[in-house]
Structures are given as structure tokens and as C-alpha cells.
Amino acid sequence: MNLLEVDDLHVDLRTGDTMAPVLRGVSLRVSAGEAVGLVGESGCGKSMTTRAVMNLLPRGATTTGRVRFEGSDILAAERAVVRASRQRIGIVFQDPRAHINPVRRIEDFITEQARSQGHVRRMADRRALELLEDVGIEDPRRCMTRYPHQLSGGMLQRVMIAAALMVEPVLILADEPTTALDVTTQSEVMAILDELRRERGVALLFISHDLDLAMAVCDRISVMYAGQIVETRAAALLHDDPLHPYTAGLASARPSVAHTAGRLAAIPGRPLSALEAPEGCAFAPRCAHEKPACSEPQLLVALDEGEARCVRATELRGLLGSKRG
Amino acid sequence: MLVLTLLASSIVIYAALYLAPGTPLSALTGGRPLPEETIRVLEQKYHLDDPVLVGYWHWLNGAMHGDFGTSFVQRVPVTDLIAPRALTTAELVFYAAVLVVVFGVAIGLLGALRPGIVDSGMLISTTVLAATPSFVAATVLISVFSVRLGWFPTLGAGDGLLDQIRHLTLPAIALATSSLALVARVTRASVLEEADREHVQTAQARGLPRRLIVRRHVLRNAAIPITTVTGVTIASLVAAVAVVEQAFNIDGLGAYLVEAASSKDFAVVQAISLLLVVAFVLTSTVVDILYAALDPRVKLGSHTS
């Protein structure tokens, strides 16, 4: 059974007097223990998708479609049901320094959720100490007594991961968990998150702009563009055999460790927001393979165990793969 | 820092004696022509012929031992004149401060946590109140609650605890009005700002009950700016107390300061001014200590005013 099901989700945000679309029909599934990546450039709607999953959309947002978590409809449920669902989801945000209350001790942050569920402080403390050790903090006891400003960004993100695991979640939502960290810390934190998740069989919804990083930790990846998913595919196939020209562009726009490329292939133009998107394919203006048929509305078409929102997907198959080989 | 502030203000206060129009001597003599002999005796008694610095030293030294010299007008030690009045004023300021903290913060919270009609009503009324000078508030309060309704006495400070509270209620309200409105507005703004922070979003995402989020994350963090503003506002009550004491004919330090200034009783003016400065500085120091206690990111000593 699917743990999380997002079905044809549309979200409009209020900007002044008008409503601006940010999500235009997003569908997504995460089954128990599975790791799913949601990849795209900034402004494509990936963070808004996670906020919808937590029912934490900004005030004045309107939604259509459905978000089901463990069978309950999150967007329509009563507050108590929503709260109960949130307590089964561990969340790791991009910027731990902003996302952890600066005036409370680490101990307080980690154990707060468990204590609000009626766990005894002593038991919560013991579990917190174990988890802090699991995420690689050397002196957990000392860490517990510290304030956030006394820890480095990498340490704080480990604390956040430990806190997410405190209540034995079935799903971890990680929204760009390493973007605010420096490169060496990034890989450590990512490895910890990946390892702990696998050990415990917790599902992961991983949000990132970094396709390679997502491919390293996820089983399946959805690529988003202008408020829509343009391709969903097994992570292993995405780099060498992309179905959508945008995915191919993302893959070749990243420096490779194995090859020395002369100049990185950037995607021409700038990303469109959902608001600016034309009726047809939103990527067409930047696409090297544009044809008149691209101005028609595009549907997600199943193709070789994946899905792509491109009329020419079958035609272009094999021509898009990484050109470095 | 604290000592430096006090020292600087004591110099300004003492120097003001020499800058004010008319000499202390003419105040003492009341303008009457006196024989040389008498003038010399007076000058000696009040250290008027000493150089400024020596005079200042005499005065400061005395002040530190609680001796502010002798009143030019009443010929009694200044300390005996201002001690009972200081008590009255302290009571009035304390009463007003309690009103500012309790009602200012409560009204602000109400506005922040109950959007809609409660919030709009709070915004409008605090705007009006914040712009009301204390003498206007005093006049309105007297005419409504003392004259028309007869609930509270108009004048004086009263005797005994209950009677004093009854007498000081209207003056305390008049003194507190605009500060209370200011604190309410700052409370509202701080709470709304804190409620929008990312760490509050984290708390929501973790499924904590709203009650807990408001108390432990929103209010706890908003307490930091609220304390700062409340402290400064309370310190400023000390400066505004003169007007209210005049309006309600309360025999406190403020009213006496005005009286002493107009009769050129410099020893009294200096003593009261210094006392008010001390009160102001002490209040600010307490606020700084509280601030450091509330915000772990602030270390005492790196932040003192």
C-alpha cells in the first residue's frame, strides 16, 4: 500500500488580489520504506509540494486534488487527524539555524515532540542521547545542554535528523537538507540520513535541486518543472536514459567527477514559474527539440516503467542521454 | 558603564546650576540688598564662592552619603524634604509600571492571537491612547471618574495602603496610558513576527498542539523584544511623573521638582534630578539583566547600555 499519495494536486497562492498557480496537477506516490526524490530548479514547486503534504500551506492558498497519508485525506482532515499524521512524519528542513528555536536548548528541541505525546522526560532523554550518538555527535550529553548558536550548521542538521527520528516516523520529508551546509559536511550528513533511514526502513521524500545527489539516495525520482512533474523514473536510469529533454539538461549541467569536461552544458534561458507557463509544454521555449506539437497541452505518458510529459519522448529516446560517454 | 553614566549625568546636573538664569545668591536673598557680611556668610554656608570643581566635589561627596545639602528656601536638609516625597513617587511609578506590564502585554496578546474585530479594535484604541499626553488623560480621568462618577478622590496621595491605592489609581492610569498603548502595540507586532518564524513552522510540522507552540515558541521568543521595550517605557515613566503629580496635586518628587525649580531652590533641584537619573539608570540595568536571562545568545557585559 502507498504510504503517501498525492493526486492531481493544484495549489494557488494569493498574491495581492489575484491567485497565482504554483502547482499544476502534481501526482506522486511513496510506498513504505521507499526513497523518492523530487528534483527541480528553485521555484518549480517542490517545496510547496512538501508543505501541502504537511498541510502547512501559506494562508489564503487554495487547493484541488488530494493528499493522502496512511489513508487519511490531509488537506480535508480535521486538525487532530492532521496533527496525528504530522507526528508520523519526520521533517528535516534546509536551514537548521532558522528552523530550530534559538532560545531553547538542544535537549528541549529533540525531546519536545516525544514529551508532547506523553513520554516521560527521562525516557525521551535516553532515546535522544542514543540518536545523537547515531547521527555522529561525539559528546551527546554535552550537546543536549547547548544552545543552537553554539553548534555548527552541520552539527545542527545532525540534531535535526536525530529529532526527526525521535518519534519513529514512517516517512521522512527532507527539504534540501544539505543545501545550507558546506560541501564536505554535505556528504557526511547525507550519508547519515541515508543510512539511518535504511536501517529503520523509513520511507523518504527527498527534495533537492541536485539530480546526482538524489540519484545516489533515491529509488525513484520525479523531476519537476513549472509546477508540474515532467518525468518520473527509476533513479538508476535517469542519468543515462532520460525521457524528458529537461531531465537530460539537468543531468549534463552538473560537473562530473569521472570526466573533465571543458565547459558545462547549461540549459539556455531561465526557469519559468507555474504562473508564466504557456498552455503547451512549459519547457518548450528552452528546449532544443521543440516542434509545433509542443504547444499543445502535454500529458504524462507511461514509457518503459517511467512517465514523461513530452510528445516527442519516444522519438527522442536514446538521443537525450548524457553526451559525455 | 553604570558608574560612568551616573557620573556624567551628575556633572551635567551640577553644571546646570551655573547655566540657569539668575544666581543662587539672588535666589537666597530674594533680590533684597543685603550687607556684605551676610552675603559672605551665605556664600560660605552653601559653598558658593568655591571654584566650580571644588563645589562639585563637595556636592557629589555629600550626595553619595545621602546628604544633598540644605534647601535654600526652607533652610532644612534636602534629604528630609525629598525622602517622603520619593516614597510617594516610587509608589506611583510602580503602580503605573504594573498597569503597563499587565494590561499592555495582555491587550497586545489579545490583538495578536485574535485576528479580526478584536485586533482592529485594539489597534484603533491603542493608536488613540498612544497619542494621548498624560495631562490630557489626567483631565479626562478626573472629570469622568472623580467629578462625574465620584468613584475616586481627585487630589492627594492618601494615607494607609488601601487609601493610597484608591488615591493613586487615577494618577497611575494617567501616567500609564500612552506607555501602555505603546507596549500593547509592540507586543502585538512581536508576537505576530515570531509566529511567522521558520522554527515555529518546524513546531507545527512536528504536530505539536497549538497551545504549546504559542506558549513555548511564539510567546517565549517574543518576550525578548517585549521586555526591552517595556523596560525603556517604564524608565520613561520616571520622567513623565512630574506632569501627573501636578495634575493630581500629589506631593511627590515630580511636583516638588517643578516647585523647587521655580523658586530657584537649586539644592533640591539637583538632588531630585540626580535621584530621577539614578532611578532611570537602575531600571535600564534591570532590563539588561532580564534581557540576557531571556536570550541565551546575549552575554552580560557584551551588551550594556
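Between the side chain of A:Arg83 and the backbone N or O of B:Gly207, at least one donor-acceptor pair lies under 3.5 Å. Here the side chain of B:Thr202 pairs no donor or acceptor atom with the backbone of A:Ile100 at under 3.5 angstrom. For the pair A:Arg86 (side chain) and B:Gln204 (backbone), a donor-acceptor distance under 3.5 Å is present.
The part of A:Arg79 that comes within reach of chain B is its side chain, from C-beta onward, which places non-hydrogen atoms under 4.5 angstrom from that chain. With a 4.5 Å cut-off on non-hydrogen atoms, B:Arg216 touches chain A through its backbone and its side chain both. Both the backbone and the side chain of A:Glu112 come within less than 4.5 Å of a heavy atom in chain B. Contact of A:Arg115 with chain B is made through the side chain alone, with heavy-atom distances under 4.5 Å. With a threshold of 4.5 angstrom between heavy atoms, B:Ile224 approaches chain A through side-chain atoms but not through N, CA, C or O. Interface remark: A:Leu56 contributes side-chain atoms only to the contact with chain B (heavy atom separation under 4.5 Å). Residue A:Arg51 touches chain B through its side chain alone, counting heavy-atom pairs closer than 4.5 Å. Contacts between A:Ala84 and chain B at a heavy-atom distance below 4.5 Å are absent for every atom of the residue.
Using a 4.5 Å cut-off on side-chain heavy atoms (C-beta onward), A:Asp95 and B:Glu198 make no contact. Put simply, the side chain of B:His199 does not reach to within 4.5 Å of the side chain of A:Phe109, judged on heavy atoms. Considering only heavy atoms from C-beta on, A:Val103 comes within 4.5 Å of B:Asp295 through its side chain.
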- Task: With side chain to side chain contact (heavy atoms under 4.5 Å, CB included) as the test, would you mind laying out the steps for A:Gln87 and B:Arg206 before giving the verdict?
- Result: CA-CA 6 Å; A:Gln87 287 173 354; B:Arg206 297 171 95 192; over 6 Å; no
- Task: Please test B:Arg220 against A:Arg104 for side chain to side chain contact (heavy atoms under 4.5 Å, CB included), starting from the C-alpha separation and ending with a verdict.
- Result: CA-CA 9 Å; B:Arg220 169 65 182 78; A:Arg104 293 195 170 276; 3.7 Å; yes
- Residues A:Asn101, B:Asn221; criterion side chain to side chain contact (heavy atoms under 4.5 Å, CB included); working and verdict: CA-CA 8 Å; A:Asn101 191 342; B:Asn221 292 47; 2.7 Å; yes
